[in-house]
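Read the structure below first, then the notes.
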Amino acid sequence: MLTDATHAPALRSWVASANLPGCDFPIQNLPLGRFRPPTAEGAETEPPRVGVAIGDQVLDLKLAAAQCPWPDEIYPLLEPLTAGDLANFMAMGRPAWQLLRAALSVALAEDSDQGPFLELCLHPQADLTMLLPCVVRDYTDFYIGIHHATAIGKMLRPDSPLLPNYKWLPIGYHGRASSVGLGGPLRRPLGQIRLAADAPPVYAPTRRLDYEMELGLWVGVGNKAGEPVAIDIAEDQLFGVTLLNDWSARDIQSWEYQPLGPFLSKSFATSVSPWVVSFDALAPFRRPLQRPAGDPAPLDYLDSPANRAHGSFGITLEVWLQTARMRAARLPAVRLSHADMAEAAYWTPAQLLAHHTSNGCPLATGDLFGTGTLSGPGAGQGGSLMELSRGGREPLLLPGGEQRCFLENGDTVALRAYCEAPGAVRIGLGAVAGTVMAA
Ligand code: CA
């Protein structure tokens, strides 16, 4: 049984905006996030709180715990959340996450007895400063988008774009946790760039700034060193999903990446969306793991019947761009590309966690995985400008007549994602946006 009463399509909320078609946060979603409550002018800044996104509102769980009656078994779950600490709740594990989800679903449903109490515990989302869900303990970026890996590989090795290991293990590298944030202004990074193949490098602002359209996976429950996590329980250790933009400086990357992989071309910034959507909310959008005929079967530690049957997810990701000139001319952002995770990803979230721990590497609450760029197979489905502009050779034409191969100062890049399936209410992941500033 993959879905339950919390996914019922007929379920509606007493928060009216949650029932509007196209809303990212209907009652079937219930993502958690951390925020700073609004403060009166001159008042001291309050400590972070944890809330649930519902429609265009946020249910403040500190207020909700104090002002509303809850079933007895819910109070221990609310304890860390009341303290503004999402990490301690993430560490409690999936049974606790599911129990709270069910209680929130009842409390926020139309005609709920708790509604009259909880009406006083809402903030408009627009009034809040969002924060990272928790301290990012460590960050690993994978490379599971097979169409992305193929497109990039073709630029380097036209005859054999995918390296022999690609279909046997999820490729990854260790990223930088200290520069993970929620987006906003992004200073164009400087680095070593080689302007001609036979010239010495110079230290200069990147000329090839790019984004990468990815999902972020947040570890809830860790494992001890030396104890690999079996594929059957691997997904239960993941707390949920956000968007992730792996900003990349392609000219710095192409000079530095051999032989150990990306370093300063990626570590200057990574942006995630603030609302963590649980795997339980994603249940109606599960998909089988699809592999082309003739591809190798995963080794046993990366394989299970459940993972094959429904380990992937139908999540549509989009990239939107608005340049400074478009903003000045009041031209709306333009969608540059879109792709579906189930179609783009060669490996599932469960396989990433099982593989990461397969050598005994300990993971802990607050570890973050990037999936890698999730490009679709078609033209215009590339999840980075590197792909869309074919390595900077074919500029994109934008509304208003501008052209882009890579990002210019003043460009705002926004990632969005949503899930749709027959018989299910659409849910969204929200958005993460960043604007490029001069070096
Ligand atoms: Ca990446």
Side-chain angles (χ1 to χ4, degrees), residues 136 138-156 161-163 165-166 169-183 186 189 191 206 208-219 241-258 260-273 315 317-319 336-339 341 344-349 351-353 355-356 367-376 381-389 391-392 406-407 413-415 417 429 432-434 436:
V136 182
D138 216 333
Y139 164 46
T140 300
D141 198 20
F142 285 95
Y143 196 56
I144 69 172
I146 189 165
H147 307 297
H148 171 75
T150 305
I152 297 292
K154 262 184 197 156
M155 295 181 200
L156 304 169
L162 287 182
L163 291 169
N165 56 8
Y166 192 85
L169 53 80
I171 305 289
Y173 71 95
H174 284 94
R176 184 79 197 161
S178 65
S179 52
V180 177
L182 294 180
L186 170 87
T206 176
R208 296 188 144 214
L209 184 60
D210 201 354
Y211 56 79
E212 292 191 338
M213 177 173 82
E214 306 192 15
L215 290 172
L217 308 173
W218 293 82
V219 174
V241 181
T242 60
L243 286 155
L244 185 147
N245 182 352
D246 176 23
W247 300 95
S248 300
R250 301 300 181 193
D251 40 10
I252 300 173
Q253 186 178 356
S254 64
W255 172 234
E256 76 172 5
Y257 86 100
Q258 288 175 311
L260 290 184
F263 180 37
L264 301 179
S265 56
K266 304 270 192 179
S267 62
F268 58 94
T270 303
S271 303
V272 294
S273 54
I315 303 176
L317 295 100
E318 300 179 329
V319 178
L336 293 187
S337 65
H338 64 99
M341 183 202 183
Y346 197 76
W347 302 95
T348 64
Q351 286 173 320
L352 298 188
L353 193 129
H355 184 65
H356 206 314
D367 272 9
L368 172 65
F369 300 169
T371 53
T373 310
L374 296 173
S375 304
Q381 290 194 299
S384 66
L385 284 173
M386 187 72 178
E387 289 154 88
L388 295 176
S389 72
F406 294 98
L407 297 171
V413 177
L415 307 190
L429 273 67
V432 58
V436 181

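Hydrogens, waters and symmetry mates are skipped; everything else that's a heavy atom, side chains included, is used. Note that ligands are numbered from 1 as they come in the structure, with each ligand's atoms numbered from 1 the same way. Quick caveat, the model's predicted, so the values are computed rather than measured.
- Side chains of P349 and M341 form a contact here, defined as non-hydrogen atoms less than 4.5 Å apart.
- Listed by chain and residue number, nothing satisfies the ring pair (Phe, Tyr, Trp, His ring centres under 6.0 Å) test with F406 (two or more places apart in sequence, or in another chain).
- Excluding waters, the set of protein N/O/S atoms under 3.0 Å from the Ca ion (ligand 1) reads D141 OD2, E212 OE1, E214 OE2, D246 OD2.
- Applying the side chain to side chain donor-acceptor pair (under 3.5 Å) test to R176 and every residue at least two apart in sequence or in another chain returns S178.
- Here Y139 pairs with nothing under the ring pair (Phe, Tyr, Trp, His ring centres under 6.0 Å) rule; sequence neighbours left out.
- Taking the charged nitrogens against the carboxylate oxygens, R250 and E212 do have a contact shorter than 4.0 Å, which makes a salt bridge.
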Passes side chain to side chain donor-acceptor pair (under 3.5 Å), S248 versus Q253? Steps please.
CA-CA 8 Å; S248 300; Q253 186 178 356; 4.7 Å; no
